[in-house]
Amino acid sequence: MSIRLYDTAAREKRVFKPQDPKRVTMYVCGPTVYNRAHIGNFRPVMVFDTLFRLLRKTYGAEAVIYARNVTDIEDKIIATSQETGESIEAITRKYAGIYDEDAAAVNALVPTIVPWATEHVGEMVQMIEALERKGYAYATDAGVFFNVPQMEEYGRLSGRKLEDNEAGARVAVDLGKRNPADFALWKFAKPGEPEDAIWDSKWGRGRPGWHIECSAMAAKHLGKTIDIHGGGIDLQFPHHENEIAQSECAHGETMANYWMHNGFLDMAGENMSKSLGNVVLLNELLDDWDGEVIRFAMLSGHYRAPLDWTGDLLEQAKTTLGRVYGALRRVWGIEGGQARDKGVLRALQDDLNTPIALAELSRLAGEANGAVDRKDEAAMADARANLLAAGELLGLLTMTPAEWEQGGDGHDNARIDALVAGRIEARENKDWAEADRIRDVLKAEGIEIMDGAGGATWRRV
RNA sequence: GGCCCUGUGGCGGAGUGGUUACGCAGCGGAUUGCAAAUCCGUGAACACCAGUUCGAUUCUGGUCGGGGCCUCCA
């Protein structure tokens, strides 16, 4: 069975065919590192990480090249530097580091390549020069701009005509542009801007425009035509449209064969944004929720649909994932099974249908529990293998069941074990009062005892 | 104003021209010293109005609601 992906440009699901199955390329727009990223920023991280995992499974781990850039030069970074007095490098290293930690906490694999914009200014300048030679760029007092009407196909990705954009657009800042839709390839330095935000060029001292960063880095690391280009839906226009314009006009080749865009996260029905003051930071969530719970919640909706981010969603994710871990615990010791079940794989192959994939994961948990109840050892072994293989694809079940259920504080597990052992003994003596007393003591601490045929186990809830 | 997406049971959330996923919650049963966990069973939905069709939740049009972009927000 092949992978099908919804291509924003084609507006339909298409069978995915890489140019070269031995070198599958994916580029995803990464963060601008001037402050902490919020949970919405991590939706593409988790979505495209899941796609990365699916591609690795399909084509082999070595065959997939996934690049996610770091934008470390940009107006907001400069503004932050001017406000705090910190160097650009200090700011960008700090927030890129936090971003990496957060991404790791939700089990996102490290991309194959993480290019930083400031390390590719040379490539960007070359690309702008190429565009200038071909007549797509012109300079003004403010910078070098891309002449949008020069490109006939402009607007193909977003299905937008230039006239439509201009109709309701607000009055643009006059930068001497020939057309309202023209965008900056190179911005001249303004008086007072820090030296570490300025590069020399034939046009004058300044810095690259935002869009050219991705075009140049994608071309350098992945080639002129990449297989998959992803990012948030807000980037579809103008960012990705502009990337296409720059790359295709400079190279004369298709920039990407598949364009994928994830939907936004909503907070109580509203878009999460700093201006609304309703942002939730991932590292705040990590105080209360395990990274896997956050990932499960994120994947519980389809990546293209808006997802309402609520406490209930996280609560349900925790309960459901806990059920899966519980099933895994019951078959944990039974090794040697084979992962033949294709339910999760098939779901992901259909345009990354993670809600179905998670439903399949629950089904596998049910199969594991059923096998345990039937005392079918072979089925238990297979169920264990199936669960772990599914977890690998989804970036879940990376803990042992004991770590999941009993990890928590971790410091007094021995004391709890002793209490549970005492309860087992009391039950063997039919001392129900003592058995219930111990259960109540633990329950007050948030610990739940699960009696089984061969003894008892416990978990933090 | 323009372009695009979207509206499913108490909640989250898939999918389909005709047999209504899955999870949480509910109900019944099994199991249990009693529970919890687990298993089995079960009630409950397709915004509204037309149209196409033998038949629409699924296709088309309209209405109402929600969202995105048109401003360097994932």
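Throughout, a chain's letter reflects where its sequence line sits, starting with A, and its residues are numbered from 1. What you are looking at is a predicted structure, and each value in this text was computed from that prediction instead of being measured. In what follows, every heavy atom counts, from backbone to side chain, and hydrogens, waters and symmetry copies are set aside.
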Tabulate below the donor-acceptor pairs under 3.5 Å that side-chain atoms of residues 206-214 of chain A make, not counting sequence neighbours, or state none.
residue	atom	partner	partner atom	Å
A:R207	NE	A:D75	OD1	3.4
A:R207	NH1	A:E193	OE1	2.9
A:R207	NH2	A:D75	OD1	2.7
A:H211	ND1	A:H239	ND1	2.8
A:H211	NE2	A:N242	ND2	3.1
A:E213	OE1	A:T71	OG1	3.3

Would you measure the distance from the [atom1] atom in [N] across to the matching atom in [M] and give it in whole Å?
N: B:G51; M: B:G43; atom1: C1'; value: 34 Å
N: B:C27; M: B:A14; atom1: C1'; value: 25 Å
N: B:C24; M: B:G13; atom1: C1'; value: 11 Å
N: B:C40; M: B:U31; atom1: C1'; value: 11 Å
N: B:G15; M: B:A74; atom1: P; value: 27 Å
N: B:G62; M: B:G2; atom1: P; value: 14 Å
N: B:U6; M: B:C46; atom1: C1'; value: 14 Å
N: B:G23; M: B:U8; atom1: C1'; value: 16 Å

Taking only distance into account, with no hydrogens and no angle test, what donor-acceptor pairs under 3.5 Å do side-chain atoms of residues 95-111 of chain A form with protein atoms, sequence neighbours excluded?
residue	atom	partner	partner atom	Å
A:N107	ND2	A:E292	OE2	3.3
A:N107	ND2	A:G395	O	2.9
A:N107	ND2	A:T398	OG1	3.4

Distance-only donor-acceptor test (3.5 Å): side chain A:R439, base B:A36: no

Measure distances between side-chain N and O atoms of A:D266 and base N and O atoms of B:G67, and say whether any donor-acceptor pair falls under 3.5 Å.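 Per atom types, no contact qualifies.
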
Both A:A433 and A:W210 contact RNA chain B. Taking the nearest nucleotide for each, which residue is further toward the 5' end?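 Nearer the 5' end of the strand: A:A433.
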
For RNA chain B, whose closest nucleotide is more 5', that of A:G263 or that of A:P238?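 Result: A:P238.
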
Hits for side chain to side chain contact (heavy atoms under 4.5 Å, CB included) against A:A10, two or more places apart or cross-chain, chain-then-number order -> A:D7, A:E12, A:R14

Just to verify, what does A:Y138 make a side chain to side chain contact (heavy atoms under 4.5 Å, CB included) with, not counting sequence neighbours?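 By the side chain to side chain contact (heavy atoms under 4.5 Å, CB included) rule, A:Y138 matches A:T140, A:F145, A:N147, A:K177, A:R178, A:D182.
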
Check nucleotides 11-16 of chain B for protein N or O atoms closer than 3.5 Å to its own N or O atoms and list the pairs.
residue	atom	partner	partner atom	Å
B:C11	O2	A:Q316	NE2	3.3
B:A14	OP1	A:H302	N	3.0
B:A14	O3'	A:N353	ND2	3.2
B:G15	OP1	A:N353	ND2	3.3

Atom [atom1] of [X] to atom [atom2] of [N]: distance rounded to whole Å?
X: A:D234; N: B:C5; atom1: CG; atom2: P; result: 17 Å
X: A:F237; N: B:C5; atom1: CZ; atom2: P; result: 16 Å
X: A:R323; N: B:U38; atom1: CZ; atom2: P; result: 6 Å
X: A:K76; N: B:A74; atom1: NZ; atom2: P; result: 7 Å
X: A:I449; N: B:G33; atom1: CD1; atom2: P; result: 15 Å
X: A:W432; N: B:C34; atom1: CH2; atom2: P; result: 9 Å
X: A:E428; N: B:G33; atom1: CD; atom2: C1'; result: 14 Å
X: A:H240; N: B:C73; atom1: NE2; atom2: P; result: 11 Å

By side-chain hydrogen bond (donor to acceptor under 3.5 Å, both in side chains) - contacts of [X] (at least two apart):
X: A:R53; value: A:D49
X: A:E284; value: none
X: A:D417; value: A:W458
X: A:T80; value: none

Residues touching RNA chain B, which here means a heavy atom under 4.0 Å, drawn from residues 366-387 of chain A: A:G366, A:N369, A:D373

Heavy-atom protein contacts under 4.0 Å, nucleotides 27-32 of chain B, coded B base, S sugar-phosphate only, - none: ------

Does the side chain of [X] come under 3.5 Å of the side chain of [Y] through a donor N or O and an acceptor N or O?
X: A:E241; Y: A:S158; value: yes
X: A:Y34; Y: A:D72; value: no
X: A:N369; Y: A:R374; value: no

Hey, is A:F264 stacking on B:A74? Ring centres under 5.5 Å, planes under 30°.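 Stacking is present between B:A74 and A:F264, given that their ring centres fall under 5.5 Å apart and the planes under 30°.
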
Is it true that A:K443 and A:E448 have a side-chain N and a carboxylate O under 4.0 angstrom from each other? no

Whether A:D290 and A:K318 form a salt bridge (side-chain N of Lys/Arg under 4.0 Å from carboxylate O of Asp/Glu) is what I want to check.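 The answer is no: the pair does not qualify as a salt bridge.
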
Using a cut-off of strictly less than 4.0 Å, decide whether A:R156 has a side-chain nitrogen or oxygen near OP1 or OP2 of B:C3.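 For B:C3, OP1/OP2 do not have a side-chain N/O of A:R156 under 4.0 Å.
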
Dot-bracket notation for RNA chain B, counting Watson-Crick and G-U pairs under 3.5 Å, with | for partners on another strand: (((((((..(((.....[...))).(((((.......)))))....(((((..]....))))))))))))....

Do the rings of A:F183 and A:F146 sit parallel, tilted or perpendicular, given the 30° and 60° boundaries?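 Because their plane-to-plane angle is under 30°, the rings of A:F183 and A:F146 count as parallel.
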
Between A:L358 and A:F296, is any pair of side-chain heavy atoms under 4.5 Å apart?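 A:L358 vs A:F296: side chains touch.
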
Quick one: label A:R437 by what it contacts on the DNA or RNA (base, sugar-phosphate, nothing), any heavy atom closer than 4.0 Å.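 The residue A:R437 makes no contact with any strand.
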
Given B:G33, B:A74, B:C24, the nucleotide with the shortest approach to the side chain of A:R43: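 Nearest to the side chain of A:R43 among the choices is B:A74.
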
Looking at A:E445, I want to see if its CD is surrounded by more than 12 non-hydrogen atoms of other residues, nucleotides or ligands under 6.0 Å.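 For A:E445, atom CD is crowded (more than 12 foreign heavy atoms under 6.0 Å).
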
